[in-house]
Number of protein chains: 2
Amino acid sequence: MGEAVYISLYKQLKQDIFSGKYAEGALLPSENALASQHSITRATARQALDTLLKEGYIIKHKGKGSIVTRRRSLGILSIKGLTEVAGNKKVTSEMLQPPHYAEWYDNFSFAIDEGKSHCIRFKRLRSIGQYPVMLEVTQFSGEHTKGIIDMPFVNGSFFETLNKNFHIGISGAHQNVKAIAADAELSERFGISKGTPMLRIDIKFKTDKGFCLYSRLICDTRYYEVESTT
Amino acid sequence: MGEAVYISLYKQLKQDIFSGKYAEGALLPSENALASQHSITRATARQALDTLLKEGYIIKHKGKGSIVTRRRSLGILSIKGLTEVAGNKKVTSEMLQPPHYAEWYDNFSFAIDEGKSHCIRFKRLRSIGQYPVMLEVTQFSGEHTKGIIDMPFVNGSFFETLNKNFHIGISGAHQNVKAIAADAELSERFGISKGTPMLRIDIKFKTDKGFCLYSRLICDTRYYEVESTT
DNA sequence: TAGTGGTCTAGACCACGCC
DNA sequence: GCGTGGTCTAGACCACTAG
């Protein structure tokens, strides 16, 4: 019943990347090295690396080796330029409600599966320059993230915090998008008139530990659109 | 300089899927069969199939074989249930402007690369039941699609027509999403009041022949949201 | 039971990057 | 020249599906 050899090697390498043993931009051991170190053939070592490649943890270069990629995308949709624009204008993130225990908010476009355990929720407002562009509410089970309430986010990133401190990765996501009219709260938060069209994105992130995270993003897309590529 | 054996086998199988030799839901020859037919080892045949798998053309089932997938997604985003709901309510598509020669409409969120050649454009209104949910304008170069103007769409699908009649596949896409207010035309088309929030999705489809297709979708998301999964 | 895909071994030659 | 990943061969055993 034991899992495949290449799977356990893949998992170990992934741990080593999370733990920082192999930093971003660093070279992983070569296929030949991995093969002899673990007493397996090169084909099997290669299969482990190809799994990492498929999930975007490394890129390979013929003649050079396997290189750990820099930070991966946080979701499928990201505010256009929230990273690219960073050079010109400053991207800031104001924590309106830090992570706290709460009741599950179940008004999402899809069902919440985690009814059993305690819910942790936080709320942030993200701005480019001085203009707010995205209101984010994220909730998740506190079961797999003990202590996160008193933890500062790594580089201000929730997902990076999950990676570094809990070895939790995102394996997939499902999202629903809808156009809504700004209500009183949104009108105040974004400094726009009531009824202004806004984008609402509900995201269900699937983690590699089996449970899910739920985010609702409200975006002002008048100046910055939301983009995605495949 | 010749390309890899598994690549040419992969290309041939892809052609065979396009041509209908292997229909949707049909079984591809087994790895052993492909190996002996082409005088290669099973590993190489497998590599060709894995490439098809990675691109979503087939799924594999242990003990059964490799099955050609039904309907490949038309984009990254698709109206929720435009396919799933089909059982209950009828999905219809009204051609407002059939494919015709036109000037490039370059008001998209991204640049149009195909300035050189003639532009073909069509406009459709898609409905679920009797309610319109999506207005679509698509434009592309007529250079790689000679004769398409007088061609009925295969199964009413533009992408299927490209596949079957021109062997053109979609290798990727880039899209920008924005919330807009319904103007006079939209208000009339969708039977809603002016100013109603709607979703505007600009998509740049990259084809495997090198050129691009451009679509603008305007969606009424009051009852059917737009979704995507990864 | 026969056939399928999933995994693995033990080799081999090649094009490419770096020194 | 040497090590890297890319490709390929010729076998093997396994778990799963179907008749």
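Reminder, nothing fancy here: chain letters follow the sequence lines and each chain counts from 1.
Checking the phosphate oxygens (OP1, OP2) of dG3(C), no side-chain nitrogen or oxygen of Ser30(B) falls inside 4.0 Å. Look at Thr44(A) and you won't find any side-chain N or O under 4.0 angstrom from OP1 or OP2 of dT7(C). Regarding contacts with the backbone of dC8(C), every side-chain N or O of Tyr6(A) stays at 4.0 angstrom or more from both OP1 and OP2.
Contact annotation for Ile40(A): backbone-only contact, meaning every heavy-atom pair under 4.0 Å involves sugar-phosphate atoms and none involves a base.
Scanning for side chain to side chain donor-acceptor pair (under 3.5 Å) contacts around Ser30(B) gives an empty result, with sequence neighbours left out. For Tyr10(B), there are no ring pair (Phe, Tyr, Trp, His ring centres under 6.0 Å) partners, not counting sequence neighbours. Contacts of Phe158(A) classified as ring pair (Phe, Tyr, Trp, His ring centres under 6.0 Å), with partners at least two apart in sequence or in another chain: Phe122(A), Phe140(A), Phe153(A). Qualifying side chain to side chain donor-acceptor pair (under 3.5 Å) partners for Glu31(A), counting only residues two or more places apart in sequence or in other chains: Arg42(A), Arg46(A), Lys60(A).
Proximity of a side-chain donor or acceptor of Ser19(A) to a complementary backbone N or O of Asp16(A) within less than 3.5 Å is detected.
Rounded to whole Å, atom C1' of dT4(D) lies 10 Å from atom CG of Leu27(A). In this structure, the CD atom of Glu31(A) is 18 Å from the P atom of dC14(C), given to the nearest Å. Atom CG in Leu34(B) sits roughly 12 Å away from atom C1' in dG5(C) (whole-Å rounding).
The side-chain heavy atoms of Phe205(A) and Thr138(A), taken from C-beta on, include no pair separated by under 4.5 Å. The shortest side-chain heavy-atom distance between Leu213(B) and Phe159(B) falls under the 4.5 Å cut-off. Counting only heavy atoms from C-beta outward, the side chains of Leu13(B) and Leu34(B) approach each other to under 4.5 Å.
Side chain of Thr41(A), nearest nucleotide from dG5(D), dG5(C), dA10(C): dA10(C). Closest to the side chain of Asn32(B), from the set dA10(C), dT4(C), dG5(D), is dT4(C). Distance from the side chain of Lys60(A) is smallest for dG6(D) among the nucleotides dT7(C), dG6(D), dC8(D).
A salt bridge does not link Lys204(B) to Asp202(B): none of the charged nitrogens lies less than 4.0 Å from a carboxylate oxygen.
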Fill in: Protein-to-nucleotide contact annotation, 5' to 3' order, nucleotides 11-19 of chain D [B base; S sugar-phosphate only; - none; under 4.0 Å, heavy atom]
-B--BBBS-
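With pairs defined as Watson-Crick or G-U wobble and both atom distances under 3.5 Å, the stems of at least three pairs that touch DNA chain D come out as C:1-18 with D:1-18.
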